[in-house]
> 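Starting off with a structure, shown below.
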2 protein chains.
Amino acid sequence: MRSKQPTIKEIAKRLNISVSTVSRALHDHSSIGLRTKTQVKQLAKELNYEPNQTAIFFQQRKTFTIGVILPHLAESFFSEAISGIEDVTYKNKYTVLLGQSHDDVEKEKQLVEKMKIHRVDGMLISISKNTATYEHFEMLKKANIPVVFFDRIPKVQDIHYVACNMISGTMQAVKFLLEKGHRVIGLLNGPENLFACKERQEGYVQALIKNRIKFDPSLVVNTDLSPEGNIKATKELLAHKRKVTAIVVFNDYVAMDAMHYAHQQKIKINKDVCFVSYANLPFTHYLKYCPMASVEQYPYKQGQKATEMLLELLDKNEEEAAPTNYKIILDSQLVVYNG
Amino acid sequence: MRSKQPTIKEIAKRLNISVSTVSRALHDHSSIGLRTKTQVKQLAKELNYEPNQTAIFFQQRKTFTIGVILPHLAESFFSEAISGIEDVTYKNKYTVLLGQSHDDVEKEKQLVEKMKIHRVDGMLISISKNTATYEHFEMLKKANIPVVFFDRIPKVQDIHYVACNMISGTMQAVKFLLEKGHRVIGLLNGPENLFACKERQEGYVQALIKNRIKFDPSLVVNTDLSPEGNIKATKELLAHKRKVTAIVVFNDYVAMDAMHYAHQQKIKINKDVCFVSYANLPFTHYLKYCPMASVEQYPYKQGQKATEMLLELLDKNEEEAAPTNYKIILDSQLVVYNG
DNA sequence: CTGTTAGCGCGTTCAT
DNA sequence: ATGAACGCGCTAACAG
């Protein structure tokens, strides 16, 4: 379909020189006469010549494309993260192949397969909330395609990843509530197989211990992140025999459901029960019910760092480097809303 | 870096047959003996053979990749649209190369260039709000790369596009308000140079005419979409000498500012003054102030349709078809919230 | 039914 | 300073 595009062969023919001369001239090779060099370049411009990247990709066994798989862009965390990814890739002559898993493991597998077939040079992945087996990632390893996981990372050892340490932010959140006088603080956590949930709980427990408050496991409930699950979990916490006066919630989406439900139960939001959440939404101040504070997870930065790491790996890879595992862990941080 | 991967040549050598036989066997070519066919396939599986797509792309002058350029994924309209795009592309063995212009014309141009170089088979574009010149798109035409614009389309004739007709939805919105008894209805519109704004006004006027109400131009005000502009416009409408009892607002973001300001002025939202908006936000029901109704613009569907159109063009292109221009115009539709 | 061969466009030795 | 020739992996036209 685009057969009319000029090639170096065409240029060579017109100038009565060889293709290799043209190739070298175009690349400013030192051993080409200035005269032929300018000659070639001018004709190239005239003909609107553009190197055929697909040929180069093929020849160099490299596509300068990185595959990105994440749950869904509708979540603003991920749409911000991908901006970070894009910005770094495009600065480095790479390009982004996109795929949303929509939190479906099967879809995730298909995407991995598709991108592998498409010969991406490397991948950035944030796993679906249901991903519990990792063969499809192992496969990539075997195929020698570097992967950097970000934010939602699998629970295995030998991987590269960038994540946000939820412990610090959670500890700050609990401390914030303790200082406000709360003693019975619930943790409305997400799916247990997510690493970040483990960390939330760890931060929660550590903050309690640090303040000499006994950890009560029954104050921790999990949701599968579905609206029904969110409400069920909230219900459970609010019905706890000890009167829960504050809840640390997995994220803003869950928090909205939780606060909505609480309101329906005639509970005064952030008075009878205080809510603290983890930042996902950009519009919290326009919401009917807004958490008192929020743990920031720096999506843009995570995207950036993960991409930088991947590009570094791609460089290294060419030199057949040792298989060290890289990790970058950012500290999450509590932001208190004054609205 | 991935040189260990087996090729058909390798398979051929091991089986002492020719590469073309292997190729054909793998493709279930009719003229290959069942015996060799199974033989080849088995060895392929054993060796974990996978065709090198880059070679195929190169050879077939096709990348099965489509470039998508849109302003920003953070706007939920676009993140939904891209889901529609993805779903169709992935069903058709294509893949999505992503780029956000962030409403920056320069960035948009760079992306077009980059994707062209990457030899995408076609492109889906929603232009930045500042795009006023179209040379970078002309270039694509010359390079014979089909483009389908969606939602935000350039003001030129010879393009393919999918868009949503704002007239129908706006008429429904005004009709809805008229039926509620409103007679003085304001239109808080966006920048006049946007096509979609023209359509909003047209729908507004048509609905009034249809109901034999005189169109009063002073009831139409425009905002530049900045928070200050939004408030200024709202102020102007609320101060109108005729008492405005309902306002049709450009979009949810503007509506939030408008309702917020109105509330500050002791105006009871959707009682003293009713608001109707155009859907951008997925969470309207979680908002502090929610418009009574909203004009739906079907982002997912637009994405789908645009992609289908592009894929069709790609098919056609191979047969060197006539350069007709395709358009699909969906009707926007009013959705009344019952919350 | 199967093998041989010729590209696809480019970079890259190896000659000259 | 330049050219000839090869190969990347695959498909397809042509020959048996």
Side-chain angles (χ1 to χ4, degrees), chain A residues 1-41 43-44 47-64 93 116-119 121 143-144 318, chain B residues 1-41 43-44 47-64 93 116-119 121 143-144 318:
Chain A
M1 47 179 281
R2 289 204 258 148
S3 39
K4 326 108 184 276
Q5 293 235 4
T7 67
I8 50 171
K9 195 194 226 169
E10 172 74 13
I11 296 179
K13 200 186 294 175
R14 297 215 191 195
L15 258 37
N16 256 320
I17 55 180
S18 79
V19 285
S20 44
T21 305
V22 175
S23 172
R24 282 184 285 232
L26 256 15
H27 286 247
D28 271 325
H29 194 285
S30 57
S31 69
I32 295 289
L34 184 64
R35 233 188 57 122
T36 40
K37 209 181 272 186
T38 50
Q39 224 179 168
V40 167
K41 285 189 178 177
L43 182 56
L47 295 181
N48 235 313
Y49 167 78
E50 273 179 16
N52 182 340
Q53 289 293 343
T54 61
I56 297 175
F57 293 160
F58 167 51
Q59 200 257 106
Q60 311 214 170
R61 295 170 193 73
K62 213 174 149 143
T63 58
F64 289 98
K93 67 191 166 38
K116 183 184 164 206
I117 288 179
H118 246 264
R119 291 297 216 258
D121 292 335
N144 203 16
E318 281 165 11
Chain B
M1 48 179 280
R2 291 205 255 149
S3 41
K4 324 103 182 278
Q5 292 234 4
T7 66
I8 51 171
K9 194 195 228 169
E10 171 74 13
I11 296 179
K13 199 187 295 175
R14 296 213 192 196
L15 258 39
N16 256 322
I17 55 179
S18 80
V19 285
S20 50
T21 305
V22 176
S23 172
R24 284 184 283 231
L26 256 15
H27 287 238
D28 270 326
H29 195 284
S30 59
S31 69
I32 295 289
L34 185 64
R35 233 187 59 125
T36 42
K37 208 180 272 187
T38 50
Q39 224 180 168
V40 167
K41 284 189 177 175
L43 182 56
L47 296 181
N48 233 313
Y49 167 80
E50 274 181 14
N52 181 341
Q53 289 293 343
T54 62
I56 297 175
F57 293 161
F58 166 51
Q59 198 264 118
Q60 310 214 171
R61 294 171 192 73
K62 214 173 155 180
T63 58
F64 290 98
K93 68 191 165 41
K116 182 184 164 206
I117 288 180
H118 245 264
R119 292 297 216 260
D121 292 335
N144 203 14
E318 282 166 10

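Chain naming here is simple, since letters A, B, ... match the order of the sequence lines and numbering starts at 1 in each. Any value given below was found using the heavy atoms of this structure, including those in side chains, with hydrogens, waters and symmetry copies removed.
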> Is there a donor in the side chain of B/S20 and an acceptor in the side chain of B/S23, or the other way round, less than 3.5 Å apart?
no
> Whole-Å distance between D/dG9 P and B/L47 CG?
14 Å
> Looking at the base of D/dA4, is there any donor atom on it, or on the side chain of A/S20, that sits under 3.5 Å from an acceptor on the other one?
yes
> Send over the distance from B/D28 CG to C/dC1 P, rounded to a whole Å.
14 Å
> Could you check B/K37 against A/N52 and say which one's nearest nucleotide on DNA chain C is further toward the 5' end?
B/K37
> Among C/dC8, C/dC10, D/dT11, find the nucleotide with the atom closest to the side chain of B/I8.
D/dT11
> So, is B/S31 close to the C/dC1 phosphate, meaning a side-chain N or O under 4.0 Å from OP1 or OP2?
no
> Can you tell me how far C1' of C/dG11 sits from NZ of A/K62, to the nearest Å?
16 Å
> Looking at the side chain of B/S18, which of C/dC8, C/dG3, D/dC8 is the nearest nucleotide?
C/dG3
> Could you state the interatomic distance from CD1 (A/I8) to OG1 (A/T21), rounded to the nearest 0.5 Å?
10.0 Å
> I need the minimum non-hydrogen distance between A/S18 and A/A12, along with the two atoms involved.
C-CB, 3.8 Å
> Without decimals, in angstroms, what is the distance between A/N16 CG and D/dT2 C1'?
13 Å
> Please lay out, stage by stage, how B/F64 and A/H118 fare under the test ring-ring contact (aromatic ring centres under 6.0 Å, His included).
CA-CA 9 Å; B/F64 290 98; A/H118 246 264; 7.8 Å; no
> So, is B/T21 close to the C/dT2 phosphate, meaning a side-chain N or O under 4.0 Å from OP1 or OP2?
no
> Measuring to OP1 and OP2 of D/dC8, would you say a side-chain N or O of B/K9 lies under 4.0 angstrom away?
yes
> For A/K37 and A/A25, which heavy atoms make the closest approach, and how far apart are they?
CG-O, 3.8 Å
> Report the nucleotide, chosen from C/dG3, C/dT2, D/dT11, that has the shortest atom-to-atom distance to any side-chain atom of B/H27.
D/dT11
> Is there a side-chain contact between A/T36 and the phosphate of D/dT2, meaning an N or O under 4.0 Å from OP1 or OP2?
yes
> Rounding to an integer number of Å, can you tell me how far A/F57 CZ sits from D/dC10 C1'?
18 Å
> A/L26 has an atom CG; how far is it from atom P of C/dG9, in whole Å?
15 Å
> State whether the distance check finds a donor on one side and an acceptor on the other, under 3.5 Å, for side chain B/R24 versus base C/dG3.
yes
> Could you check A/L43, A/L26, A/V40 and say which one makes a side-chain contact (heavy atoms from CB on, under 4.5 Å) with A/Y49?
A/L26
> So A/Y49, base contact, sugar-phosphate only, or nothing? Heavy-atom distance under 4.0 Å.
sugar-phosphate
> A/F58 CZ to C/dG7 P: how many Å, rounded?
16 Å
> So, is B/S23 near the phosphate of D/dT11, with a side-chain N or O under 4.0 Å from OP1 or OP2?
yes
> Nearest-nucleotide wise, let me know which of A/Q59 and A/L34 is further upstream toward the 5' end of DNA chain D.
A/L34
> Starting from P on C/dC8, measure out to CD1 on A/I56 and report it in whole angstrom.
16 Å
